[in-house]
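To start, the structure itself, in structure tokens.
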Amino acid sequence: MAYLNDNYLKLRAGYLFPEIARRVKAFCEANPEPAKRLIRCGIGDVTEPLPEAVRVAMHKAVDELGSRESFRGYGPEQGYDFLRHTIAENDYRAHGIDVADDEIFVSDGSKCDCGNILDILGGDNRIAVMDPVYPVYVDTNVMAGHTGEADASGAYGGLLYLPCTEANGFVADVPSERADVVYLCFPNNPTGSVATRAQLEAWVAYALKNRSLLLFDAAYEAYISEPGIPHSIYEIPGARECAIEFRSFSKNGGFTGTRCAFTVVPKTLMAQTKSGEFHALHPLWNRRMSTKFNGVSYVVQRGAEALYSPEGKAQVADLITHYMGNAAVLRKAATDAGLNVWGGVNAPYLWVRTPGGATSWEMFDRMLTEANVVITPGSGFGSAGEGYFRISAFNSRAAVEEVAVRLARL
Ligand code: MLT
């Protein structure tokens, strides 16, 4: 008899997005006519085509694979040098941030990396997460056995939840207690909030003081529109000693289906053994990637590289302008409908208080059945998300304008 990983049995219900998909499917099967006018503003999945620069680069790469002279088999597990160099140069060194090419690890997604990073961390860490929170940070820790059982509110024993509320602008304050590992996500999924430089400085100071590790998810960095908001944790002095940064091409280059992302692990970042010896995390992550991953395909990495060409940068800027134009339409519509709205300025997500004290899932059902619009219930992101819902701005302009009309009628 094989034993299973009991930790999976602690997981509450389904993963949020499959659970939404299940409910939407059931609604569509039972209501074929309304189903035809369904607009999906739930999962943050891009809708616009891949930038032309990417497609051209990928076609060329496919052709290279079609001849013996330029064919490539296994690539480096950490990513091809051309892409690691382009990322480090454009996303970091061009902004005065010290990141070496070989501190970049190319992968198939930030979601995967956020979960996989636990492979190189010990089992006894006290983990802190924001509440509401991107569910992957929590569920992967549950799977790894780093938590106790969930209570009635869905909060897992052993995790330190840091409430993000209207009062703190949905940016958690640095706690008075110590955490060994802290997940930060800015621009934030789901609330769309951003952290100021002073707030990130406070987190870095906290991490250095407590020898904590910050896991900084910057997947939505390209959506920052306001000046002065840090795009990278490494803009903060000291972060190379306490932070890993996750970035993705999903939301800027439209790669949710194409799959490419990267993680920065500075060589100066240390963690300790139980006996108190300090070791760098970089060789551990390198070892993990070499053993469990065979790299992102050459064609996809050439596509990702093209996002940094002058044409690629212009096409990414157009995509961001499009989605943020959607966010502005949705923000206005929700505000005009008398709703309280946050986000949608530096992030493609709007965080909205449910009207009349409705629960998040009640609002989900109401939006689905009355407006035929799919949103994400805030409580799916944690108990502090109860009483809110998230609207994703990833859609066509026509669909978003139709959502605005339906919000006005609701
Ligand atoms: C979301 O809707 O929160 C995102 O699409 C999830 C993800 O990027 O994995």
Side-chain angles (χ1 to χ4, degrees), residues 11 13-24 39-48 107-118 129-143 164 170 183-194 215-223 245-263 296 304 319-320 323-324 326-327 330 342-344 346-352 360-361 363-364 367-368 373-382 384-385 388-395 399-400 403:
L11 290 164
Y15 176 58
L16 176 61
F17 296 105
E19 174 62 16
I20 291 172
R22 191 187 64 73
R23 291 184 184 222
V24 170
I39 303 178
R40 291 169 198 273
C41 296
I43 192 166
D45 193 5
V46 294
T47 56
E48 303 309 295
S107 77
D108 59 343
S110 285
K111 173 165 128 179
C112 321
D113 284 354
C114 286
N116 291 335
I117 201 74
L118 297 179
V129 293
M130 311 285 129
D131 183 10
V133 60
Y134 178 46
V136 171
Y137 311 150
V138 171
D139 288 3
T140 53
N141 274 288
V142 176
M143 292 169 176
C164 296
F170 300 104
Y183 288 83
L184 297 177
C185 174
F186 294 111
N188 187 259
N189 180 10
T191 66
S193 65
V194 280
L215 297 178
F216 191 80
D217 183 350
Y220 298 91
E221 161 278 328
Y223 289 85
E245 181 162 290
F246 303 95
R247 289 228 195 159
S248 170
F249 299 111
S250 285
K251 310 295 161 97
N252 61 351
F255 272 47
T256 55
T258 307
R259 308 307 308 152
C260 197
F262 63 93
T263 288
V296 175
L319 285 173
I320 305 287
Y323 292 125
M324 290 312 283
N326 287 352
L330 291 166
W342 293 264
N346 295 297
Y349 297 124
L350 285 86
W351 188 244
V352 187
S360 301
W361 279 109
M363 192 64 194
F364 172 86
M367 290 287 285
L368 182 61
V373 172
V374 182
I375 47 95
T376 308
S379 56
F381 297 104
Y388 295 87
F389 65 99
R390 191 191 77 175
I391 313 182
S392 159
F394 290 112
N395 226 315
V400 158
V403 172

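It should be emphasised that the depicted structure is a prediction, and the values quoted were computed from it without experimental measurement. Both ligands and their constituent atoms are indexed starting at 1 by order of listing.
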Proximity to ligand 1 by part of Ile43, non-hydrogen separation under 4.0 Å: both
Atoms in ligand 1 flagged as close to Phe17, the criterion being non-hydrogen separation under 4.0 Å: 1 (C), 2 (O), 3 (O)
SG-OH distance between Cys164 and Tyr388, expressed to the nearest 0.5 angstrom: 11.0 Å
Tyr349 ring center within less than 6.0 Å of Tyr220 ring center: yes
Contact check: Lys111 vs ligand 1, nitrogen or oxygen atoms, below 3.5 angstrom: no
Aromatic ring pairing Trp351/Phe170, orientation class (parallel under 30°, perpendicular over 60°, tilted between): perpendicular
Aromatic ring pairing Tyr137/Tyr183, orientation class (parallel under 30°, perpendicular over 60°, tilted between): parallel
Backbone or side-chain N or O of Phe381 under 3.5 Å from ligand 1 N or O: no
Nearest option to atom 9 (O) of ligand 1, as decided by whichever heavy atom of Phe394, Tyr220, Tyr134, Tyr349 sits closest: Tyr134
From CH2 (Trp361) to CD (Glu19), nearest 0.5 Å: 5.0 Å
Numbering as shown, the atoms of ligand 1 that approach Asn189 to under 4.0 Å (heavy-atom distance): 1 (C), 3 (O)
Lys251 N/O to ligand 1 N/O under 3.5 Å: yes
CG on Asn188 to CG on Asp217, rounded to 0.5 Å: 9.0 Å
